[in-house]
Structures are given as C-alpha cells and as structure tokens.
Amino acid sequence: FVLFFNIYAAIAAITVIPYPKFVESGDAKIELPRSSINLIYSKSTSQDLIEIINVHTPLFTGEKKSKSVSKEAQYNIEVIELTKTDDEKDKKCTDESYEILATVKEARVYVNCSLGFIRSVATLWQLMKIQHCGSNRSCTEDTVVLDNLPIKIKDSPRFSFRGIMIDPSRHYLKMETLKRVMDGMMHAKLNVLHLHLVDDDSYAMQSKSMPGLAENCSFSPKQFIPLSKSKSSFLMERLTE
C-alpha cells in the first residue's frame, strides 16, 4: 500500500480522488487567509445554481468571515454557467462535467448546470489545504494553501451510475450516520445511494398502513426510522444534493 501510494504521488500532478480526466498543472504556490476567498457569479446565473453556490460557500470561506479583506487581497472563485437555462431545466439537467482554471490571482469554474458545480466543489475542496487555527493563540485566522498553480482541470464521470449500498435492515444505523455517509458521497462524486431498509432480519422503517411491523419486527423498539423522520423531506433533500 505504501509503495502504491508513493508511485501514485509521483505520477499524479494533484491528489484528488477520483482523479480527473485531464489535469495540467504548474509549480506555483500561494497561502492566503480563508476570509479572502469569495465565490462569485454573474447576474444571469440561474436561481437554482445560485442557491447551490450559497449552500456550498461556507465550505471555502468558513462559517464566518473573521475580518474584512481589501479588494486587492481577495481571491475570487468565479462560477460561470456556460448553458443559460431556466430553473426548471436546471433541475432536470444531468450534465456533471466541469472545468476549473486556477491561477495565483483567481479561479474560474465552468459548468453547464448545478450538478456540474457540485462535482467541481468536490475537486476544489481537495485542492485547497485548509490550515485551522485550533487552540493556537498566536493564530488569528484559518489559512488556505493552493499549490500546483496554475492548474487546469477538465472532468466528467466515466460511469453514469456510481453508488453504494447500505443495509440498515441487518445493521441498524442512526440518521446522523446516514447524513455523514451522504456528505461523503458528495465529496467522492457518488450519485446513487441504495438504502436496504427492510428485510426478514429487521423492518427498520415505520409504515403508516402497518405501524406494528417496525415496532415488533425491528431489532429493538428504538432501532427503526420513525414515520415522522422517514416521511420528512430529509432523504429527498440530501439525495438531491
């Protein structure tokens, strides 16, 4: 494993998993305050894509901006929508391709719809090495390191179906665990989650028509997904992400 990793590191221009289809990189490096990073977009960007951008912005900027940064010191990541679509078409768009062009001054992300931007986020997040202050009192702000600049990445999935199966019917998993799995799927660019919720071993999801199944056929009275949670918008919202 160590030998394989060393060979991979020597061959690969960047450490991104899964590795993009096309990578062209340099040897420049920058270190900047996390608060200097901005995700920007044009006024013509579709509303659906804007909402997705706003959801993912804290990944790069942090939950809060600790201090204002001058315009000259800002590092802008501009999201450019190549195909102008209305919100309804954007929601149906399945184009996961994206292109990233990053220099020491700025970065640009080219996508056709929201799904392509989500895939680019997974790559950008791995390119950015965030150094957290933690308990270091001399440190006032998290910093971000970007190396191998300038860098150009073109990517799209090789397979349309990329997923995993989880089997809570045989091994009960809490909702918080499923949330972490779905977050991990986004970063690994997986797009299909097969939840094997019920089987003869356990009926782990409550049914409105037959509530006794979950109460009497799960591993325990507490180890099933209540109707209030299973019928909420949680699963659909997270799977859409």
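What you see is a predicted model, and the numbers here were worked out from it, not measured in a lab. These numbers come from the heavy atoms of this one structure, side chains and all, not from hydrogens, waters or symmetry mates.
Leu39 CG to Leu124 CG: the interatomic distance, rounded to the nearest 0.5 Å, is 8.0 Å. To the nearest 0.5 Å, atom OH of residue Tyr110 and atom CG of residue Leu82 are 8.0 Å apart. For the atom pair CZ (Arg162) and CE (Met185), the distance works out to 9.0 Å, reported to the nearest 0.5 Å. Atom-to-atom distance recorded for Gln126:CD and Ile17:CD1 is 6.5 Å, nearest 0.5 angstrom. Rounding to the nearest 0.5 Å gives a distance of 4.0 Å between OG of Ser114 and CG of Asp48.
In this structure, Glu81 and Ser44 have side chains that are not in contact, with every pair of non-hydrogen atoms separated by 4.5 Å or more. Two residues are said to be in side-chain contact when any heavy atoms from C-beta on lie closer than 4.5 Å; Lys29 and Leu149 fail this criterion. A heavy-atom distance below 4.5 Å is not found between the side chains of Ile151 and Glu24. Two residues are said to be in side-chain contact when any heavy atoms from C-beta on lie closer than 4.5 Å; Tyr75 and Ile30 meet this criterion. Counting heavy atoms from C-beta on, the side chains of Ile14 and Tyr19 come closer than 4.5 Å. With contacts defined as side-chain heavy-atom distances shorter than 4.5 Å, the pair Leu59/Val121 qualifies. Residues Glu51 and Ile53 are not in side-chain contact: their nearest non-hydrogen atoms beyond the backbone lie 4.5 Å or more apart. Counting only heavy atoms from C-beta outward, the side chains of Leu178 and Ile166 approach each other to under 4.5 Å.
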Using atom types as modelled, flag every donor-acceptor pair under 3.5 Å from a side chain in residues 97-108 to any protein atom, sequence neighbours excluded.
| unit_1 | atom_1 | unit_2 | atom_2 | d |
| --- | --- | --- | --- | --- |
| Ser97 | OG | Asp95 | OD1 | 2.6 |
| Tyr98 | OH | Thr123 | OG1 | 2.5 |
| Tyr98 | OH | Asp155 | OD2 | 2.9 |
| Thr103 | OG1 | Lys105 | N | 3.2 |
| Thr103 | OG1 | Glu106 | N | 3.2 |
| Thr103 | OG1 | Glu106 | O | 3.2 |

Checklist entry - After noting the C-alpha distance and the side-chain angles of His132 and Arg34, does the key distance pass the side-chain contact (heavy atoms from CB on, under 4.5 Å) rule? => result CA-CA 10 Å; His132 297 280; Arg34 195 172 182 180; 3.7 Å; yes
Checklist entry - Given the rule in the side-chain contact (heavy atoms from CB on, under 4.5 Å) test, do Val144 and Gln131 qualify, once you have shown the distances and angles that lead to the verdict? => result CA-CA 6 Å; Val144 174; Gln131 300 176 346; over 6 Å; no
Checklist entry - Where do His56 and Trp125 land on the side-chain contact (heavy atoms from CB on, under 4.5 Å) test, with the steps shown first? => result CA-CA 10 Å; His56 290 89; Trp125 181 241; over 6 Å; no
Checklist entry - How far apart are the C-alpha atoms of Asn112 and Glu96, what are their side-chain angles, what is the distance that settles it, and do they pass the side-chain contact (heavy atoms from CB on, under 4.5 Å) test? => result CA-CA 8 Å; Asn112 286 313; Glu96 300 180 66; over 6 Å; no
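Summarising the geometry of Ile153 relative to Pro20, their closest heavy-atom pair is CG2-CB, 3.6 Å, with the distance given to 0.1 Å. Nearest heavy-atom pair, Leu193 versus Met182, reported as atom, atom and distance to 0.1 Å: CD2-CG, 3.7 Å. Ser25 and Asn148 make their closest contact through CB-O, 3.4 Å (heavy atoms, listed as atom of the first residue, atom of the second, distance).
For His187, there are no side chain to side chain donor-acceptor pair (under 3.5 Å) partners, not counting sequence neighbours. Ile50 is linked by a side chain to side chain contact (heavy atoms under 4.5 Å, CB included) to Tyr41, Thr45, Gln47, Asn54, counting only residues two or more places apart in sequence or in another chain. When the side chain to side chain donor-acceptor pair (under 3.5 Å) test is applied to Glu78, no partner is found at least two apart in sequence or on another chain. With sequence neighbours left out, the side chain to side chain donor-acceptor pair (under 3.5 Å) criterion links Lys21 to Ser156.
The salt bridge (charged side-chain N to carboxylate O under 4.0 Å, His left out) analysis of residues 144-154, with sequence neighbours excluded, yields the pairs Lys129-Asp147.
Cluster annotation: Ile77 is connected to Ile130 through the hydrophobic network of ILVMFWY side chains, with a link wherever side-chain heavy atoms come within less than 4.5 Å.
With hydrogens and angles ignored, the 3.5 Å screen pairs no side-chain donor or acceptor of Glu31 with any backbone N or O of Leu146.
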